There are 2 protein chains.
Amino acid sequence: MNDNSASNSANLGSNTLAQVAFVVRDIEEASRRWADVLGQPVPKVIVTEPGNAVAMTAYGVPSDAQCKLAFFSLGQVQLELIEPIGDMSAWAKVLNEKGEGFHHLAFWVEGMQKSVDFLKERGVPMVQRGDMGPGQYAYFDATDRLGTHIELLEKAREARAEP
Amino acid sequence: MNDNSASNSANLGSNTLAQVAFVVRDIEEASRRWADVLGQPVPKVIVTEPGNAVAMTAYGVPSDAQCKLAFFSLGQVQLELIEPIGDMSAWAKVLNEKGEGFHHLAFWVEGMQKSVDFLKERGVPMVQRGDMGPGQYAYFDATDRLGTHIELLEKAREARAEP
């Protein structure tokens with residue numbers, strides 16, 4: 001699609017970058033290193049709920065994985081650090097296969113399933129999802145096509161996204 | 001540094017993310033893939049001037065390397081695709097060692113040397129620089145500390161940045 005249609009059915013659902021995320025082995029240590037370089041306060045670390053409590057699936061099956069998260073503000077964009085807990089997640093997959101480093105670009109959308117279907121049509125499969133309060137998140141493995149995962153975030157889900 | 005001082009001497013010089021950049025082997029092909037997924041027009045490809053024409057240095061020595069560039073708008077942030085031309089650059093180093101994928105986060109600063117010195121004090125060395133019209137750019141290899149390169153951009157240089 002080469003137009004700038006605002007319709008979800010014809011594009012990703014948003015072209016406003018919301019997050020850039022890195023996977024790390026030790027989030028407290030990584031947070032201190034980033035805080036030092038950015039000249040920002042060391043952020044609080046959040047531990048996500050167990051996957052089973054948020055209807056998490058990874059690679060087609062339920063997962064009880066979790067992660068630790070820390071965020072820095074870079075203007076419009078959040079820099080997100082992620083330390084995986086457990087191996088059944090797109091976070092652990094990248095960390096285990098490639099080591100510490102870049103993980104994904106994230107975008108807020110509405111009506112996530114339309115974006116899921118749009119990406120699927122373009123050969124970018126959904127590989128993980130979970131509830132996020134009344135909303136949800138989902139990861140898409142675009143490593144082969146774009147050299148990155150993509151995350152979609154939704155504040156109020158109508159239905160749980162399906163691959 | 002854990003404060004939010006606006007002084008360049010106490011931080012990176014900016015906390016507003018300007019660019020996220022990926023290195024690619026074939027920029028025309030990669031641009032089409034990104035345009036397809038983002039639902040944006042395929043951008044024009046720019047070829048940078050030869051390194052010798054922009055006082056380029058890489059890893060401490062003059063370099064005549066170039067690159068092809070393409071940009072997508074993601075709101076505040078530009079998504080930048082980079083295809084290296086020649087091997088003596090931070091672009092080619094990442095592509096040759098890690099393959100296609102994420103390369104750097106970029107920030108606009110003023111008085112770049114203060115930011116160079118700030119990063120150097122934190123163990124993040126400047127590995128490449130070049131003129132950019134009346135301004136300049138410089139890359140810093142923070143792979144060990146942060147899992148990414150950092151780029152600083154300056155619109156009007158007072159002096160060429162020195163490692």
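Sequence lines set the chain letters: A, B, ... in the order given, protein chains first and strands last, and positions in each chain run from 1. Note that the structure is predicted; figures quoted are calculated from it, not measured.
Enclosure of atom CD in A:E158 is not indicated, since only 12 or fewer non-hydrogen atoms of other residues, nucleotides or ligands lie within 6.0 angstrom. The number of heavy atoms from other shown groups lying within 6.0 Å of CD (B:E162) does not exceed 12.
Only the side chain of B:F22 comes within less than 4.5 Å of a heavy atom in chain A; its backbone stays farther off. Neither the backbone nor the side chain of B:T143 comes within less than 4.5 Å of any heavy atom in chain A. Both the backbone and the side chain of B:V77 come within less than 4.5 Å of a heavy atom of chain A. With a 4.5 Å cut-off on non-hydrogen atoms, B:L119 touches chain A through its side chain but not through its backbone. Of the two parts of B:I150, only the side chain, counted from C-beta on, holds a non-hydrogen atom closer than 4.5 Å to a non-hydrogen atom of chain A.
Smallest separation of non-hydrogen atoms from B:L38 and A:F107: CD2-CZ, 4.4 Å.
Listed options A:G101, A:S73, A:G75 were ranked by heavy-atom pairs under 4.5 angstrom with chain B; first place goes to A:G75. Top candidate by heavy-atom pairs under 4.5 Å with chain A, chosen from B:L105, B:V24, B:L81, is B:L105.
Cluster membership check: A:L12 does not share its hydrophobic cluster with A:W108, using side-chain heavy-atom separations under 4.5 Å among Ile, Leu, Val, Met, Phe, Trp and Tyr. Hydrophobic clustering of Ile, Leu, Val, Met, Phe, Trp and Tyr side chains at less than 4.5 Å, counting indirect connections, unites B:L153 with B:Y139. Both A:M126 and A:V124 sit in one connected hydrophobic cluster of ILVMFWY residues. Membership requires side-chain heavy atoms under 4.5 Å apart, directly or through other members. Under the 4.5 Å side-chain contact rule for hydrophobic residues, A:W34 and A:V45 share a cluster. In the hydrophobic cluster analysis, where Ile, Leu, Val, Met, Phe, Trp and Tyr join through side-chain heavy atoms closer than 4.5 angstrom, A:L152 is grouped together with B:V20.
No donor-acceptor pair under 3.5 Å is formed between the side chain of A:R145 and the backbone N or O of B:R33. The backbone N or O of A:L74 sits less than 3.5 Å from a side-chain atom of B:Q76, completing a donor-acceptor pair.
Of the inter-residue distances, the one linking A:E121 atom CD with B:D36 atom CG reads 10.0 Å to the nearest 0.5 angstrom.
You'll find the side chain of A:F140 stays beyond 4.5 Å of the side chain of B:V37, heavy atoms only. Between B:L146 and A:E100, every side-chain heavy-atom pair lies at or beyond the 4.5 Å cut-off.
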